[in-house]
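Each remark here refers to the structure printed beneath this line.
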Amino acid sequence: METAQAVGSITLQGSAQIVAEFFDYGINNILYQRGLYNETYFKRETKYGLPLMITNDKELKDYLRKVTSTLEGWLSAGTISHVVLVIEDVETKDVLERWQFNINCDKIQSTSSQTAPPVKKIQEGIRNVMRQIVSCVTFLPVIDSKCDFDILFYTDKDADRPSSMRMTDERLVVDGQDVALRDFNTGYHKVDGRISYKCID
């Protein structure tokens, strides 16, 4: 009989759900804050003690639901190391921003004597990252060209990948500047990040 792996009061699956949910809200709020969609595509919700935006557009919602569902499986299996959201100019194909989130999957945590941080501490860490995402408009250049986005995943070679996903290059920002994001740790997954952005004259 299988038993759920647990660290403290959080199971591995619970940790995967927490991190996948973070990415759902994180991606939604990056898209909103960077103006890739009209504000009518979003509605306000309170999450992590913050007023955050979540899409009400069916097509975008369905896409992000598939993304986070696949991501949750990789998190549970420990086969994902990076999630990258790329914003590029539709006309020039220049990468204007690259939001990279690094995921350290602690595969031996379940057999150690360490315990997970309290849920309150985990939520506090996520809230700090979300605050940075929400405030990004105060330090990132204004995007005034038509842009699109893509989400890149760095997985193990043996990870179970949907057939719709394709291989791509790293989509780096040329001569960009970096800003570090804060991190949070569930005991199974540590997430930290960095924004690379192109300075617009």
Side-chain angles (χ1 to χ4, degrees), residues 19-48 50-71 80-103 126-155 161-183 191-201:
V19 177
E21 185 178 56
F22 158 76
F23 277 108
D24 186 21
Y25 279 91
I27 292 170
N28 266 281
N29 282 271
I30 292 170
L31 297 179
Y32 174 80
Q33 295 295 337
R34 303 312 289 143
L36 269 71
Y37 291 86
N38 189 286
E39 61 181 19
T40 59
Y41 278 62
F42 297 88
K43 62 180 180 179
R44 190 180 303 274
E45 286 187 4
T46 299
K47 186 68 177 178
Y48 312 118
L50 298 172
L52 298 175
M53 307 304 290
I54 196 86
T55 186
N56 54 22
D57 177 74
K58 184 180 185 306
E59 184 176 353
L60 180 57
K61 185 187 298 184
D62 288 346
Y63 169 71
L64 293 179
R65 185 179 293 119
K66 290 177 183 177
V67 165
T68 53
S69 176
T70 301
L71 178 57
I80 179 82
S81 58
H82 307 287
V83 176
V84 179
L85 188 148
V86 173
I87 298 175
E88 68 177 14
D89 187 295
V90 170
E91 183 176 343
T92 66
K93 301 302 180 183
D94 287 343
V95 176
L96 303 182
E97 293 178 13
R98 190 177 191 275
W99 296 67
Q100 177 168 320
F101 295 90
N102 309 307
I103 305 169
I126 294 175
R127 183 163 58 248
N128 289 335
V129 180
M130 284 297 180
R131 283 198 178 107
Q132 284 185 292
I133 292 174
V134 171
S135 66
C136 69
V137 292
T138 64
F139 60 85
L140 291 178
V142 174
I143 297 177
D144 55 11
S145 58
K146 186 176 181 181
C147 291
D148 201 356
F149 78 98
D150 202 0
I151 302 175
L152 316 181
F153 302 98
Y154 290 68
T155 65
R161 291 186 290 271
S163 59
S164 59
M165 290 190 173
R166 67 190 190 282
M167 298 295 290
T168 184
D169 59 36
E170 291 186 289
R171 313 277 283 282
L172 301 175
V173 177
V174 178
D175 297 326
Q177 296 192 22
D178 291 352
V179 175
L181 295 174
R182 302 186 71 170
D183 63 70
V191 180
D192 62 68
R194 180 171 298 275
I195 312 168
S196 297
Y197 63 93
K198 188 179 185 69
C199 293
I200 302 174
D201 295 331

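Count residues from 1 along the sequence. Values below: all heavy atoms of this structure, side chains included; hydrogens, waters and symmetry mates excluded.
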Residue list, side chain to side chain donor-acceptor pair (under 3.5 Å) with [X], at least two apart or on another chain:
X    : value
K93  : none
Y197 : Q177
S69  : none

Exercise. When you check the side-chain N and O atoms of N38 and T40, is any donor under 3.5 Å from an acceptor?
Worked result: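 Checked: N38/T40 side chains pair up, N/O donor to acceptor below 3.5 Å.
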Is the side chain of [X] donor-acceptor paired with the backbone N or O of [Y] at a distance under 3.5 Å, no angle test?
X    : Y   : result
D94  : L96 : no
T68  : A20 : no
R127 : Y48 : yes

For this session: Can you run down the side chain to side chain donor-acceptor pair (under 3.5 Å) pairs that involve residues 19-31, sequence neighbours left out, and say none if there aren't any?
Result: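 Pairs touching residues 19-31 that pass the test: E21-K47, D24-N28, Y25-E45.
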[X] to [Y] - nearest heavy-atom pair and separation:
X    : Y    : result
I80  : Y154 : CD1-O, 3.4 Å
V129 : D183 : CG2-N, 4.2 Å
D178 : S196 : OD1-OG, 2.7 Å
S145 : D89  : OG-OD2, 2.8 Å

Exercise. Salt bridge (charged side-chain N to carboxylate O under 4.0 Å, His left out): which pairs involve residues 25-37, sequence neighbours left out?
Worked result: R34-E97
To the nearest 0.5 Å, how far apart are [atom1] in [X] and [atom2] in [Y]?
X    : Y    : atom1 : atom2 : result
D150 : R171 : CG    : CZ    : 4.5 Å
R194 : N102 : CZ    : CG    : 8.5 Å
I133 : L181 : CD1   : CG    : 6.5 Å
L31  : I87  : CG    : CD1   : 7.0 Å

Problem set entry | D62 vs K58, salt bridge (Lys or Arg N to Asp or Glu O under 4.0 Å): CA-CA, chis, key distance, verdict | CA-CA 6 Å; D62 288 346; K58 184 180 185 306; 2.7 Å; yes
Problem set entry | Plane angle bin for Y37 and Y41 - parallel if under 30°, tilted between 30 and 60°, otherwise perpendicular | tilted
For this session: Verify side-chain contact (heavy atoms from CB on, under 4.5 Å) between K198 and V95, making sure each step is shown before the conclusion.
Result: CA-CA 8 Å; K198 188 179 185 69; V95 176; over 6 Å; no
Exercise. Is it the case that more than 12 heavy atoms not belonging to D175 sit under 6.0 Å from its CG atom?
Worked result: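 No, not enclosed.
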For this session: Count the heavy atoms belonging to other residues, nucleotides or ligands that lie under 6.0 Å from CZ of R182, then report whether that count exceeds 12.
Result: no
Exercise. What pairs with P51 under side chain to side chain contact (heavy atoms under 4.5 Å, CB included), at least two apart in sequence or on another chain?
Worked result: R44
Exercise. Tell me, do E170 and R98 make a side-chain contact under 4.5 Å, heavy atoms counted?
Worked result: yes
